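Here the structure is laid out as structure tokens; the discussion comes afterwards.
FYI, the numbering just counts along the sequence from 1. For clarity, every value in this text was computed on a predicted model and none was experimentally measured. Just so it is clear, the values below take in all heavy atoms, side chains as well, and ignore hydrogens, waters and symmetry mates.
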Amino acid sequence: MTLRVGVIGAGVMGADHIRNLSGSVSGAEVTFVADLDAGRAAAAAPPNARITTDPTELINASDVDAVVVASHDSTHAGLVLECFEAMTPVLCEKPLAPTLLESLEVVQAEADILAATGARLLSMGFMRRFDPGYAALCEAVQSRSQGEPLLVHCVSRNSSAGPGTSSESAITNSAIHELDIIPWLLGSPITEVSWQAGRSSQYSSGDLKDPAVMLLRTADGALTTLELFLNARYGYTTRCEVVSEQGTVALPEPAALALQQDGLSRTGIPADWRPRFADAYRLQLQAWVSALNHGEPAPLATAEDGLRASQVAQAMIRSLHSDGAFTKVIY
């Protein structure tokens, strides 16, 4: 079978999904691309795909079996609900929605569909669950071969923040990955959080305090530290180390070209997250497409996972506006 996929959003992430679905994922064909900028849609679309500036037209098209939502965060909830109305399976990039209220609406809508038809339509794009490094890390932690996990140290650095990024959107758009992956890694929900910041980089602006340090406590008692630095300038890096009772385990450093020239030895650092997580995005899309083609549940993060990440994010935002006070997560 060939799954006919429509992609909404032809920016950086949407264009990457289109390339993967067209060249690296078997059993899929991109038939329709929607973007508010028709020129951008045309540039990203494969040769035989139709383009539109109206995502509703794409969702209801007869030549679309499933939809990928990779448009602006503010559009996610509304577009997912439109996919539900059309009974079309949808893979939604994180976050599920910028607000908790919208996330709750989406989860309730899918629950109603599940009760009526037995079908789950929504998959969440928390691609780190498919990253080979994170998968190996999760297996090592959950085996408890080093005893119980005590501390987790995460670092997420970008070369530069996107236009208009604030401390709040840094939580809901960037830190959201760790807010999902830490409970998945430890097998324990996040119960309370704290947001901290010191001196900001000269490159941060507006309502963004950068870098920030976030503390996450899980129900098992483990404490996670997350350094989020969106204007680190030198490139993109992500790290995760779990400290347990009898040892530590950490993400492997990704392979990088080693250069030796003019008395110097150096390795390259990617400018953004796409090279680092290229395998994760490809494997996630392949798992989604294969499941839909075989009529099986997609083994991706669920609407409930997206809601839980949003609930943790809202607690973190409350801490941000409460001078970093530890704040309980309300599920």
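Listed for the S188 side chain is no donor-acceptor partner under 3.5 Å among the backbone atoms of T218. For the pair N231 (side chain) and A161 (backbone), a donor-acceptor distance under 3.5 Å is present. Side-chain atoms of Q196 come within 3.5 Å of backbone N or O of G324 as a donor-acceptor pair. Judged purely by atom type and a 3.5 angstrom limit, S319 uses its side chain to pair as donor or acceptor with the backbone of W195. Judged purely by atom type and a 3.5 angstrom limit, D262 has no side-chain atom pairing as donor or acceptor with the backbone of L264. For the pair R4 (side chain) and S62 (backbone), a donor-acceptor distance under 3.5 Å is present.
A cation-pi arrangement is absent between R276 and Y236, since the terminal nitrogen or guanidinium carbon is not both under 6.0 Å from the aromatic centre and inside a 45° cone about the axis.
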Show, in sequence, the C-alpha distance, side-chain angles and deciding distance for R50 and E57, and conclude whether the side-chain contact (heavy atoms from CB on, under 4.5 Å) test is met.
CA-CA 11 Å; R50 294 195 289 150; E57 179 188 3; 4.2 Å; yes

Under the criterion side chain to side chain donor-acceptor pair (under 3.5 Å), I'd like the reasoning laid out for R274 against Y281: C-alpha separation, chi angles, the key distance, then a yes or no.
CA-CA 9 Å; R274 288 172 296 168; Y281 282 115; over 6 Å; no

Audit row: R217, F326, side-chain contact (heavy atoms from CB on, under 4.5 Å) steps and yes/no:
CA-CA 9 Å; R217 197 183 308 278; F326 263 101; 3.7 Å; yes

Applying side-chain contact (heavy atoms from CB on, under 4.5 Å) to S244 and V249, what does each step give before you reach the verdict?
CA-CA 8 Å; S244 297; V249 61; 5.8 Å; no

Check step by step if side-chain contact (heavy atoms from CB on, under 4.5 Å) holds for M124 and D305.
CA-CA 8 Å; M124 284 300 303; D305 293 321; 5.6 Å; no

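A distance of 10.5 Å separates CG of L21 from OG of S26, quoted to the nearest 0.5 Å. Of the inter-residue distances, the one linking R282 atom CZ with M127 atom CE reads 13.5 Å to the nearest 0.5 angstrom. One finds the CD atom of E93 at 9.5 Å from the CG atom of N173 (value rounded to the nearest 0.5 Å). Put simply, CG on L150 and CG on D220 are 9.5 Å apart, with the number rounded to the nearest 0.5 Å. Put simply, CG on L300 and CG on L91 are 6.0 Å apart, with the number rounded to the nearest 0.5 Å. To the nearest 0.5 Å, atoms OG1 (T237) and CD (E253) are separated by 8.0 Å.
Taking the charged nitrogens against the carboxylate oxygens, E148 and R144 do have a contact shorter than 4.0 Å, which makes a salt bridge.
Hydrophobic clustering, with ILVMFWY side chains joined whenever heavy atoms are under 4.5 angstrom apart, groups L81 together with M87. Residue L36 is not grouped with residue I18 when hydrophobic side chains (ILVMFWY) are merged at heavy-atom distances under 4.5 angstrom, including chains of intermediate members. Linking Ile, Leu, Val, Met, Phe, Trp and Tyr residues whenever their side-chain heavy atoms come within less than 4.5 Å places V69 and L307 in a single cluster. Linking ILVMFWY side-chain heavy atoms closer than 4.5 Å, directly or via other members, places I8 and W288 in two distinct hydrophobic clusters.
Of all the heavy atoms in F229 and S201, the pair that sits closest is CE1-CB, 4.1 Å. What you find for V107 and A303 is that their closest heavy atoms are CG2-O, 3.5 Å. The nearest pair of heavy atoms linking A97 to S103 is CB-OG, 3.6 Å. Of all heavy-atom pairs spanning S22 and P46, the tightest one is OG-CG, 3.9 Å. The nearest pair of heavy atoms linking E102 to S74 is OE2-O, 4.3 Å. L208 approaches A170 most closely through the heavy-atom pair CD1-CB, 4.2 Å.
Looking at heavy atoms from C-beta onward, I190 lies in side-chain contact with Y331 at the 4.5 angstrom threshold. In this structure the side chain of V106 reaches within 4.5 angstrom of the side chain of F84, judged on heavy atoms. No side-chain heavy atom of Y203 sits less than 4.5 Å from a side-chain heavy atom of D210. A 4.5 Å side-chain heavy-atom check between T238 and E178 finds at least one atom pair inside the cut-off. The side-chain heavy atoms of L285 and F130, taken from C-beta on, include no pair separated by under 4.5 Å. Taking the side chain as every heavy atom from C-beta outward, E110 and T302 never approach each other to under 4.5 Å. Side-chain atoms of L179 and M214, non-hydrogen and from C-beta on, never get closer than 4.5 Å to each other. Looking only at side-chain heavy atoms (C-beta outward), W273 and V12 come within less than 4.5 Å of each other.
The aromatic rings of F277 and Y134 sit parallel to each other, their planes meeting at less than 30°, with 60° as the upper class boundary.
For the side-chain contact (heavy atoms from CB on, under 4.5 Å) test with L230, the passing option among S174, S160, S159 is S174; the others fail.
Checked by atom type, the side-chain pair S290/N293 shows no donor-acceptor distance below 3.5 Å. There is no side-chain donor-acceptor pair under 3.5 Å between D54 and T52. A donor-acceptor contact closer than 3.5 angstrom is absent between the side chains of E168 and S166.
Atom CD of Q260 sits in a sparse spot, with 12 or fewer heavy atoms from other residues, nucleotides or ligands closer than 6.0 Å. Annotation: D207, atom CG; neighbour count of heavy atoms from other residues, nucleotides and ligands within 6.0 Å does not exceed 12.
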